[in-house]
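To start, the structure under review is shown below, and the notes come after it.
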Amino acid sequence: MTSQRVLEIFREITAIPRESGHEEPMTNYLLAYAAKLGLEAKRDATGNVLITREATDPAKKNVPAIVLQAHQDMVCEKNDGVQHDFSKDPIKYVIENGWMVAKDTTLGADDGIGIAACLAILESDIPSAKIECLFTISEETGMDGAMGLQSGFFTGKTLVNLDSEDEGQLFVGCAGGVNTMASFNYRPEKIKPGAAGVKLHLFGAQGGHSGDDINKERCNTVQQMARFLFEESKKVDYQLVLVDGGNKHNAIARECKAVLAVAPGDESALCNDFQAFVKALTAEFAVSDPAVTGKCEKVLLSSDAIDADTAGRLVSALVAVHHGVLAMSQDIPGLVETSNNLASVKMEGEVISVCTSQRSSVESAKDFIADKIEACFKLAGAKVQRTDPYPGWKPNLASEVLKLSRDAYVDLFGNEPEVKAIHAGLECGLFLEKFPDLDMISFGPTLRGVHAPGERLELASLDKFVLHLDEVVKRYPSK
Ligand SMILES: [Zn+2]
């Protein structure tokens, strides 16, 4: 297998529509490819495809298969004003300074390059054990393929996931997650006669991804707003009329608003306190989140307030609940093992909903952090519900496929690859549910700007990735 051939196949793939949920043309291409090579192929009810190549090394006839895995779909994003129909137009790309780049759309190297590498291996004359190539669907929109996978669909006990983005790094673990939703039913309470309205706004925080960025000590504006409200309740008698902050469950809250009703004459005291608070906040976050700021303005009040009892319990819970890293990995330096993101607080009807999102690479630790969050909101009298759980993949540094992949890398390139895990989801976590004994690793060439227009693939890293994968398949199950 050569990187030139992998690139040739990838160029073919760039012309095949494969938006998540619409992978049919890609699936047909894979099945036709298998037929052309005379290889057995099957598709499950979910849409996942498996192509099998029997052992070509006679000495490895009785060795379990090695599974090579990539996902069929791609994220379809384009720049504003660009004419491009992802359901039929081929992706346009250029080769520039050693990179393959799609300037106005996503390139789909995530994970088209993984598919191309699988197909190049299948058609190659590499002597190997049995190879099973697994192509899942809809990875980018919820990992539906991995979720729908049935035990027994493949037979291998070792899986190489080809959906990583940093050449020279071997991934051996990922986080699982669950969301915990708390809801407070409140009683609308009349605003006190003559009260003045004040709107507080925290904004300008960087936010970021609740997995990748949770250890960056960025400002969570929802929690910081609650902190101010908690402190201020000791000084100024206010009614809480509105609180609204954050957005998606997997994003750190960049903005939060609150509207308070105070006795006439108390507005300036409140605004002065808020300004002092913002000053302290910007000093606290001067390094990790320097643009966070806030403002205070007078507003007219048009709705009822949240009853004082509920408002007090809500604010206390938002202050008490853990946000950020709870534990670091003991095996992998620098890896966040367990975290919580206090994602959002929203009001609708007479309900205030708080969304939080827990992650951990250790399944039992994920349950524990979810328990802590649930307990905190239950103490505050909220109703609590867990949603959208997905399992993690705990790093196993004694893994055989890790040793094999590491040794192959060192022998080829003369330097150590980095062994890492990520605090975000990969399909590997879901595979473990159905195939608990699976030994896994994930690696790939260097991609940048994935999921956005301008996505690019570094060609020099593709050369190394292809050499490495070729060597791993050749050596499997061991040298
Ligand atoms: Zn991917």
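Atoms within a ligand are numbered from 1 in the order they appear, just like the ligands themselves.
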Would you give me the side-chain donor-acceptor pairs under 3.5 Å for residues 115-123, sequence neighbours excluded?
from: Glu123; atom 1: OE1; to: Arg5; atom 2: NH2; distance (Å): 3.2
from: Glu123; atom 1: OE1; to: Tyr33; atom 2: OH; distance (Å): 2.6
from: Glu123; atom 1: OE2; to: Arg5; atom 2: NE; distance (Å): 2.4
from: Glu123; atom 1: OE2; to: Arg5; atom 2: NH2; distance (Å): 3.4

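Using a cut-off of 4.0 Å between Lys/Arg side-chain N and Asp/Glu carboxylate O, Glu363 and Lys394 are scored as not salt-bridged.
The closest approach of Asp110 to the Zn ion (ligand 1), by N/O/S atoms, is made by OD1. Within His71, NE2 is the N, O or S atom that lies nearest to the Zn ion (ligand 1).
Residue contact annotation: Asp163 places an N/O/S atom under 2.8 Å from the Zn ion (ligand 1).
At distances below 3.5 Å, not a single donor-acceptor pair connects side-chain atoms of Lys42 with backbone N or O atoms of Thr52.
Evaluation of the side-chain hydrogen bond (donor to acceptor under 3.5 Å, both in side chains) test over residues 323-332, restricted to residues two or more places apart or in two chains, returns Asn220-His323.
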